[in-house]
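The figures that follow rest on heavy atoms only: side chains count, while hydrogens, waters and symmetry mates do not.
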Amino acid sequence: MIYVLLGTGFEEIEALTPVDLLRRAGYEVCTVGLDGKVIYGSHRIGVEADIQIDELNPADAEMMVVPGGLGGVTSIRGCGKALDAVKYAHEHGKFVAAICAGPTVLADLGITNGKKATCFPGCENGMGNANMVDHAAVVRDGNVITGTSAGCATKFALALIEALGGEKLAQEIQEQIVVR
């Protein structure tokens, strides 16, 4: 199961692009509402989450995805169950992915320490001991995948697919959606 955490104020593109492309690739993706069943993103788009945080079982996670959006990141930081699930996934060798301001949550948990990473420009001070990679859309270091911004959401989603299913599958999805 791939879990995508949705806290109030999440960045819609950064959350829903991975959900869409991962589902196109055949993966079971579950959106997780931290603040109820309907969660509003940073641009006031309401999304009905598949489950609420109390229903998340970290042992089922193949990947945990942390979208950006300052409000969403604040919601995740304030939710012990969400933080515990991300930490559990990482400690059990599962993929942990975050985009925009989301990688700072990984840094808070020590997940990016010593890892190559990227984040939204201006959030670097919140990245702790990560080895920051400048001007990268997406960075993968082992089971940790980070992305820069909403403008990189498609590349981020394709990197998640590649991590899970290989380069060929990612290329197939890229061709299906006609990335140029």
Side-chain angles (χ1 to χ4, degrees), residues 1-23 27-115 117-120 123 125-130 140-147 150 153 156-157 159-161 163-164:
M1 177 70 66
I2 300 164
Y3 290 110
V4 179
L5 302 176
L6 302 179
T8 300
F10 71 94
E11 174 55 59
E12 292 92 341
I13 292 172
E14 296 167 359
L16 298 179
T17 300
V19 170
D20 181 294
L21 296 187
L22 286 160
R23 286 181 178 171
Y27 290 100
E28 190 173 357
V29 181
C30 185
T31 55
V32 183
L34 304 188
D35 308 309
K37 188 71 170 170
V38 177
I39 307 297
Y40 286 87
S42 60
H43 299 95
R44 298 176 306 282
I45 298 171
V47 174
E48 184 176 348
D50 296 316
I51 64 170
Q52 294 184 54
I53 189 65
D54 290 337
E55 300 170 82
L56 186 151
N57 182 356
D60 292 340
E62 187 174 1
M63 177 183 281
M64 296 291 297
V65 181
V66 178
L70 292 177
V73 168
T74 299
S75 293
I76 291 169
R77 281 195 171 110
C79 181
K81 289 181 180 182
L83 295 173
D84 288 346
V86 172
K87 189 174 180 181
Y88 180 93
H90 176 68
E91 289 173 349
H92 288 84
K94 305 304 180 183
F95 288 105
V96 177
I99 186 169
C100 194
T104 63
V105 172
L106 304 186
D108 290 348
L109 297 171
I111 291 171
T112 57
N113 286 344
K115 299 270 188 185
T118 190
C119 65
F120 188 81
C123 291
N125 288 339
M127 290 299 295
N129 294 319
R140 179 177 173 192
D141 190 339
N143 67 335
V144 178
I145 304 165
T146 52
F156 177 71
L160 304 184
I161 293 166
L164 292 163

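- With hydrogens and angles ignored, the 3.5 Å screen pairs a side-chain donor or acceptor of Arg140 with a backbone N or O of Gly142.
- Shortest non-hydrogen contact noted between Val32 and Gln52 is CG1-C, 4.0 Å.
- Legend: ring pair (Phe, Tyr, Trp, His ring centres under 6.0 Å) pairs involving residues 66-85, not counting sequence neighbours: none detected.
- The number of heavy-atom neighbours closer than 6.0 Å to CG of Leu70, taken from other residues, nucleotides and ligands shown, is 12 or below.
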Scan the side chains in residues 89-110 for donor-acceptor partners under 3.5 Å anywhere in the protein, sequence neighbours excluded, and list what turns up.
residue: His92; atom: ND1; partner: Tyr88; partner atom: O; Å: 2.8
residue: Thr104; atom: OG1; partner: Arg77; partner atom: NH2; Å: 2.8
residue: Thr104; atom: OG1; partner: Ala101; partner atom: O; Å: 2.6
residue: Asp108; atom: OD2; partner: Arg77; partner atom: NE; Å: 2.4
residue: Asp108; atom: OD2; partner: Arg77; partner atom: NH2; Å: 3.1

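- Atom NZ of residue Lys115 and atom CD1 of residue Ile145 lie 11.0 Å apart, to the nearest 0.5 angstrom.
- How far CD1 of Ile53 is from OG of Ser75: 11.5 Å, rounded to the nearest 0.5 Å.
- Distance alone, capped at 3.5 Å, is enough to place a donor-acceptor pair between the Asp50 side chain and the Thr31 backbone.
- Of all heavy-atom pairs between Arg23 and Val29, the closest is NH2-O, 2.8 Å.
- In terms of the side chain to side chain donor-acceptor pair (under 3.5 Å) criterion, residue partners of Asp54 (sequence neighbours excluded) are, by chain and number, Lys81.
- Sorted by first then second residue, the salt bridge (charged side-chain N to carboxylate O under 4.0 Å, His left out) pairs that include residues 56-68, not counting sequence neighbours, number zero.
- Take Glu28 and apply the side-chain contact (heavy atoms from CB on, under 4.5 Å) test, not counting sequence neighbours, and it matches Met1.
- In this structure, the side chain to side chain donor-acceptor pair (under 3.5 Å) partners of Thr118, at least two apart in sequence or on a different chain, are Thr148.
- A search for salt bridge (charged side-chain N to carboxylate O under 4.0 Å, His left out) contacts involving Asp141 returns nothing, not counting sequence neighbours.
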Just distance, no hydrogens or angles: give the donor-acceptor pairs under 3.5 Å from side chains in residues 2-22, sequence neighbours left out.
residue: Tyr3; atom: OH; partner: Asn57; partner atom: O; Å: 3.4
residue: Thr8; atom: OG1; partner: Asp35; partner atom: OD2; Å: 2.8
residue: Glu12; atom: OE1; partner: Ser42; partner atom: OG; Å: 3.4
residue: Glu12; atom: OE1; partner: His43; partner atom: N; Å: 3.4
residue: Glu12; atom: OE1; partner: His43; partner atom: ND1; Å: 3.0
residue: Glu12; atom: OE2; partner: Ser42; partner atom: N; Å: 3.3
residue: Glu12; atom: OE2; partner: His43; partner atom: N; Å: 2.8
residue: Glu12; atom: OE2; partner: Ile45; partner atom: N; Å: 3.4
residue: Glu14; atom: OE1; partner: Gly68; partner atom: N; Å: 2.9
residue: Glu14; atom: OE2; partner: Ala150; partner atom: N; Å: 2.9
residue: Thr17; atom: OG1; partner: Ile13; partner atom: O; Å: 2.9
residue: Asp20; atom: OD1; partner: Arg24; partner atom: NE; Å: 2.4
residue: Asp20; atom: OD1; partner: Arg24; partner atom: NH2; Å: 3.4

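- How far CG of Leu34 is from CD1 of Ile76: 6.0 Å, rounded to the nearest 0.5 Å.
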